[in-house]
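The structure appears below as structure tokens.
Just so it is clear: chains get the letters A, B, ... in the order the sequence lines come, proteins before strands, and each one is counted from 1.
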2 protein chains.
Amino acid sequence: MTTAPTGGGERETRWLTDDEQRVWRAYLHATTLFDDHLDRRLQRDAGMPHIYYGLLVQLSHAPGRSKRMTELAIDAKITRSRLSHAVARLEKNGWVRREECPSDKRGQNAILTDAGFAVLEKAAPGHVETVRQAMFDRLTPEQVEQLGEIMRVLAEGLQPEDSGADLPWLR
Amino acid sequence: MTTAPTGGGERETRWLTDDEQRVWRAYLHATTLFDDHLDRRLQRDAGMPHIYYGLLVQLSHAPGRSKRMTELAIDAKITRSRLSHAVARLEKNGWVRREECPSDKRGQNAILTDAGFAVLEKAAPGHVETVRQAMFDRLTPEQVEQLGEIMRVLAEGLQPEDSGADLPWLR
DNA sequence: CCCATATAGTTCAACTTTCAAGAAGTGGTC
DNA sequence: GACCACTTCTTGAAAGTTGAACTATATGGG
């Protein structure tokens, strides 16, 4: 649905050209496959979806391997609701634990446990290898640079997304 | 977890360079935001997630606005299981109906209804506009071309993904 | 101090996705 | 024509996601 000369009461829709459609489809195709690929690998190698893995990574980089929930949600680009569920699951796995925030009683800190760190340490090489094989081994250095720049531009335009859910600015 | 000089018994992991990490993060960031953005828009404007919309689009392009389930699954890059559930939902909405395949009694054809087509017609301009604003209005013509080529390369390397679920080659 | 309002995080219900069966049909082989 | 391997599609339960409602705490005036 991107080319038809429109049908209803519209005001000059700027439909995609054939070239644009091809790029758009290629984008959807590739990103879908990529996402699935990563998810499966990590599910297999680390027993969790990609985004959960990303949470552990975030924590591993944080001072004290600890982070406020909201901060973690923002960094991982997910809603607080989703994070709550995710951390609950990771906690059940023994990979993360929660601790009250001393300075703000509403707050919680998510903390990477040693077990969690171990899982990360074990899965990381395989994950990196996956990413490398699927992306960096296939692209020329120029393309890698182009991709980076393109993604930066796209992300920039998407940041201040409102939409009524949760906190407006929080995703 | 992409830079640390490793920790356990590994054989020379090819960690990502700082530049590669930046690109990788930019990629994740942008694609995540993009996906969320589209999903929300379509949920709001058409009452369904992006992938369901994609199914209707596929059908609208097919001869007779009809397609075999498996073919549809392959084109949409989803499992048949997922498609079954999705079509069930779309059928409940009255946007798709199922019909037995005459030549193969195992088969089902998914058919876009007039109501389904109407939904598509109504949502399409907004959807295209969303895509245009978020992607094509932001990139230079060169970047669009680069993006297309890069995505083609990435998809190429991901095609024959096995992994044990459903049919290996299907999805 | 007390209030209104904002923020942090969780929870609930509805929905989607996944995985592992399972029911039904096809096609080739002997 | 009975068997066997395979394909097509569906189902059910578990896991994950979403948006909205909710609890509790914080904050900045009056």
Side-chain angles (χ1 to χ4, degrees), chain A residues 32 35-44 47-55 67-74 76-93 96 98-110 161-171, chain B residues 32 35-44 47-55 67-74 76-93 96 98-110 163-171:
Chain A
T32 301
D35 221 55
D36 287 357
H37 184 59
L38 285 185
D39 252 356
R40 264 143 216 276
R41 290 291 187 170
L42 279 171
Q43 193 70 60
R44 193 192 63 183
M48 63 191 133
H50 184 203
I51 213 165
Y52 286 33
Y53 180 87
L55 295 176
K67 230 172 192 180
R68 267 303 270 283
M69 291 291 278
T70 292
E71 197 188 345
L72 186 50
I74 293 174
K77 282 102 193 163
I78 63 179
T79 57
R80 287 189 298 237
S81 170
R82 192 174 174 185
L83 180 63
S84 269
H85 291 297
V87 168
R89 196 271 220 189
L90 292 171
E91 203 171 17
K92 214 180 287 181
N93 283 293
V96 164
R98 280 186 250 225
E99 214 168 64
E100 296 204 345
C101 177
S103 59
D104 185 340
K105 283 184 197 159
R106 294 168 305 179
Q108 293 276 108
N109 285 322
E161 233 359 279
D162 193 320
S163 53
D166 213 23
L167 278 305
W169 47 271
L170 205 196
R171 97 160 277 174
Chain B
T32 301
D35 221 54
D36 287 356
H37 183 58
L38 285 185
D39 252 357
R40 263 141 217 277
R41 289 291 188 172
L42 279 171
Q43 192 70 59
R44 193 192 62 185
M48 62 190 134
H50 185 204
I51 215 168
Y52 287 32
Y53 180 87
L55 295 175
K67 232 173 193 181
R68 264 304 268 286
M69 290 290 279
T70 292
E71 197 188 345
L72 186 50
I74 293 174
K77 282 102 192 163
I78 63 178
T79 57
R80 286 189 297 237
S81 171
R82 193 175 172 184
L83 180 63
S84 268
H85 289 297
V87 168
R89 196 271 221 187
L90 292 171
E91 203 171 17
K92 213 179 287 182
N93 283 291
V96 165
R98 279 187 250 224
E99 215 167 63
E100 296 204 345
C101 177
S103 58
D104 184 339
K105 282 182 199 161
R106 293 167 305 180
Q108 293 276 109
N109 285 321
S163 52
D166 213 24
L167 278 305
W169 46 270
L170 203 194
R171 106 154 273 172

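Between the P atom of D:dG16 and the CG atom of A:D35 lies a distance of 15 Å, rounded to the nearest Å. The CD-C1' distance, from A:E71 to C:dG9, rounds to 15 Å in whole Å. Atom CG in A:L55 sits about 12 Å away from atom P in D:dG16, given to the nearest Å. Note: CD (B:E100) to P (C:dA24) measures 13 Å, nearest angstrom. For the pair B:D36 CG and D:dG19 C1', the computed distance is 13 Å after rounding to whole Å. Between A:D39 atom CG and C:dT16 atom P there is a gap of 19 Å when expressed in whole angstrom units. Put simply, CD on B:Q108 is 13 Å from P on C:dA24, counting in whole angstrom units.
Contacts of B:R44 with the nucleic acid, taken as non-hydrogen atoms under 4.0 Å apart, are absent.
The base of D:dG12 sits within donor-acceptor range of the side chain of B:H85, with an N or O pair under 3.5 Å. Not a single donor-acceptor pair, N or O on each side, falls under 3.5 Å between the base of C:dC19 and the side chain of B:T79. The base of C:dT11 sits within donor-acceptor range of the side chain of A:S81, with an N or O pair under 3.5 Å.
Under the rule for a side chain to side chain donor-acceptor pair (under 3.5 Å), the partners of B:R106 that lie at least two apart in sequence or sit in another chain are B:D104. Residues satisfying the side chain to side chain contact (heavy atoms under 4.5 Å, CB included) test with B:R44, not counting sequence neighbours, are B:R41.
Regarding contacts with the backbone of D:dT10, a side-chain N or O of B:R98 is found under 4.0 angstrom from either OP1 or OP2. Neither OP1 nor OP2 of C:dT10 sits under 4.0 Å from any side-chain N or O of A:R82. Side-chain nitrogen and oxygen atoms of B:R89 include none within less than 4.0 Å of the OP1 or OP2 phosphate oxygen of C:dC15.
Shown are B:Q108, B:R98, B:K92, B:R82; of these, the side chain to side chain contact (heavy atoms under 4.5 Å, CB included) with B:V87 is made only by B:R98. For the side chain to side chain contact (heavy atoms under 4.5 Å, CB included) with A:L83, the qualifying choice from A:L72, A:T70, A:I51 is A:L72, the only one to do so.
Of the residues near DNA chain D, A:D104 and A:P49, the one whose nearest nucleotide (by heavy atom distance) lies more toward the 5' end is A:P49. Annotation: of the two residues near DNA chain D, B:A88 and A:Q43, the 5′-most nearest-nucleotide partner is B:A88.
Comparing C:dT17, C:dG9, D:dT8 by their closest approach to the side chain of B:R68 singles out D:dT8.
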Name the pairs: protein N/O against N/O of nucleotides 22-24 of chain D, kept only if under 3.5 Å.
none

